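Beneath this line is the structure, given in structure tokens, with notes to follow.
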Amino acid sequence: MGVGTIPGPQRSRVTRSRPHRPTFAVVAATRPNFMKVGPVIQALRADADIEFIHTGQHYDSQMSATFFEELGLPEPDVNLDVGSGPHGWQTGAVMAALERRLIERPVDALLVPGDVNSTLAAALTAAKLGIPVAHIEAGLRSADWSMPEEINRVLTDRLSTWLFTTVEDAEGDLLAEGIERNRIHFVGNTMIDTLLAHLEQARGVAEHTMSRLGVGAGYSLLTLHRPSNVDGERLQGLLDAVGELAMETPFVFPVHPRTAHQLSARGIRIPEGVTTTEPLSYLPFLGLMDRARLVLTDSGGIQEETSVLGVPCLTLRENTERPVTCELGTNTLVGVDPDRIIAEGRARLGHPTSPAVIPLWDGKAGERIAGALLDDFS
Ligand code: UD1
């Protein structure tokens, strides 16, 4: 019967004081986090006080500030201004700054999304202060321990009192790790809540973005930012493969800062037919993705978003923590071999797909999370 159940932080610890109106710290750090916390903040606002904390892991306006405006998020109450750095340093810097803040302004629980370094740092800080943690987007697993995100996911889940999962299958994986069933809540996907709420607006700006970038109908989209893809020799081969596909469909390539740095450091030439741009903010990117013929990516969230939009997606990685997007969605895991990418890309260009229906990806995940938390504090 596997490893058996490992006792973890339980809800009984939080119901002791039974506050009338709870205070929740919501911690966000990087571009994809903002779309994940927005619906939860929205759903909690009326019945709880929110302390919104930005760690500052992403700090360029195109990676952070414009997202707040477009998503209608409140300004953070505090920005810890941590910025970029090596993993240990970045994690430690978030912990030191967040600990000070949580001691100055105690909260009843801390909510944190995703799998970035700030996610683990926030969960660890709160757990050590005896503050219960709620993990938004719990239970995803790639089984690839060379990914910093996998380490962050597993440890954040271990430290969390509430594990809010996006897919049904996550429960089995978490039970196998020894997590107690009563900590696991299958609620759906808050990133998809944000997508569904903003899709019409995004469609409204698509034409403008296309004309600004000089592309017409029939274009495809490329994003790359994983260190394993962009920090070494592999980047050149991946772009060569995209160059081959660009003979059949022009590509738009919004370049992540990490990737931009590598392109210039290595003197890599962008292939013909590929239009680069600075990172796009949420609405222009969503509008562009919705109309794309094909998306090539190594992002996690884009595998989910393309599935819901019904746009074919090729994921340039050897594994995914989001297998539901391959089983029910439009995603294909193609690895990083250039010949395979070209062959799969050509095959997918000829086969339109339709939007996936994934259980509970219905725009109401934020409400379910708020409901579960508020029940425990009523
Ligand atoms: C981080 C997350 C990754 C997530 C990604 C989304 C970790 C381990 N990784 O990766 O899971 O998918 O965010 O984008 O937490 N930079 C800027 N401006 C910014 C942010 C970063 O120029 O606003 C530069 C930094 O100087 C650094 C590089 O981008 O050189 C990497 O930034 P960092 O936040 O450490 O990691 P990401 O690659 O963005």
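Ligands are counted one by one from 1 in listed order, and the atoms in each one are counted from 1 as well. Keep in mind the model is a prediction, meaning the values are calculated, not measured.
For Ala29, no heavy-atom contact with ligand 1 is shorter than 4.0 Å. The parts of Arg258 lying near ligand 1 are both backbone and side chain, judged by heavy-atom distances below 4.0 Å.
For residues 333-345, every residue pair satisfying the side-chain hydrogen bond (donor to acceptor under 3.5 Å, both in side chains) rule, not counting sequence neighbours, is listed here: Arg340-Glu344. Within the structure, every pair that satisfies the side-chain hydrogen bond (donor to acceptor under 3.5 Å, both in side chains) test and touches residues 69-83, not counting sequence neighbours, is listed here: Glu70-Ser281.
For ligand 1 and His225, the ligand atoms under 4.0 Å from any heavy atom of the residue are 4 (C), 5 (C), 6 (C), 12 (O). Each of the atoms 3 (C), 9 (N), 11 (O) of ligand 1 lies under 4.0 Å from some heavy atom of Glu149. Taking a cut-off of under 4.0 Å to the non-hydrogen atoms of His87, the atoms of ligand 1 that pass are 8 (C). Residue Pro32 has at least one heavy-atom neighbour below 4.0 Å for each of these atoms of ligand 1: 6 (C). Atoms of ligand 1 found under 4.0 Å from any heavy atom of Gln90 (numbered from 1 in listed order, with element): 35 (O).
Annotation: Asn152 places no N or O atom under 3.5 Å from an N or O atom of ligand 1; distance criterion only.
Tested against Ser64, the residues His54, Arg31, His58 include a single side chain to side chain donor-acceptor pair (under 3.5 Å) partner, His54.
Protein heavy atom nearest atom 18 (N) of ligand 1, with residue, atom name and distance: Asp60 OD2, 3.0 Å. At the shortest separation from atom 2 (C) of ligand 1 among protein heavy atoms lies Val116 CG1, 3.6 Å. The shortest contact between atom 37 (P) of ligand 1 and any protein heavy atom is with His256 CE1, 3.8 Å. Looking from atom 39 (O) of ligand 1 to the surrounding protein, the closest heavy atom is His58 NE2, 2.8 Å. Here the heavy atom of the protein found nearest to atom 21 (C) of ligand 1 is Ser84 OG, 3.7 Å. The protein atom (non-hydrogen) at minimum distance from atom 26 (O) of ligand 1 is Tyr59 OH, 3.0 Å. Summary of contacts: the protein heavy atom closest to atom 24 (C) of ligand 1 is Pro257 CB, 3.7 Å.
Taking a cutoff of 4.0 Å between a charged side-chain nitrogen and a carboxylate oxygen, Arg368 and Asp362 qualify as a salt bridge.
Distance screen at 4.0 Å: atom 34 (O) of ligand 1 has a protein heavy-atom neighbour inside the cut-off.
Phe164 is not listed as a side-chain neighbour of Val40, based on a closest heavy-atom distance of 4.5 Å or more. Counting heavy atoms from C-beta on, the side chains of Glu99 and Lys128 never come closer than 4.5 Å. Counting heavy atoms from C-beta on, the side chains of Glu244 and Pro338 never come closer than 4.5 Å.
Under the 4.5 Å side-chain contact rule for hydrophobic residues, Val295 and Val336 do not share a cluster.
In this model, a donor atom of one side chain and an acceptor atom of the other lie less than 3.5 Å apart for Thr315 and Asn331. Looking only at atom types and distance, the side chain of Thr249 has a donor-acceptor partner in the side chain of Ser220 under 3.5 Å away.
Ring orientation note: the planes of Phe34 and Phe67 are tilted relative to one another, at an angle of 30° to 60°.
At least one heavy atom of Gln57 sits closer than 4.0 Å to an atom of ligand 1.
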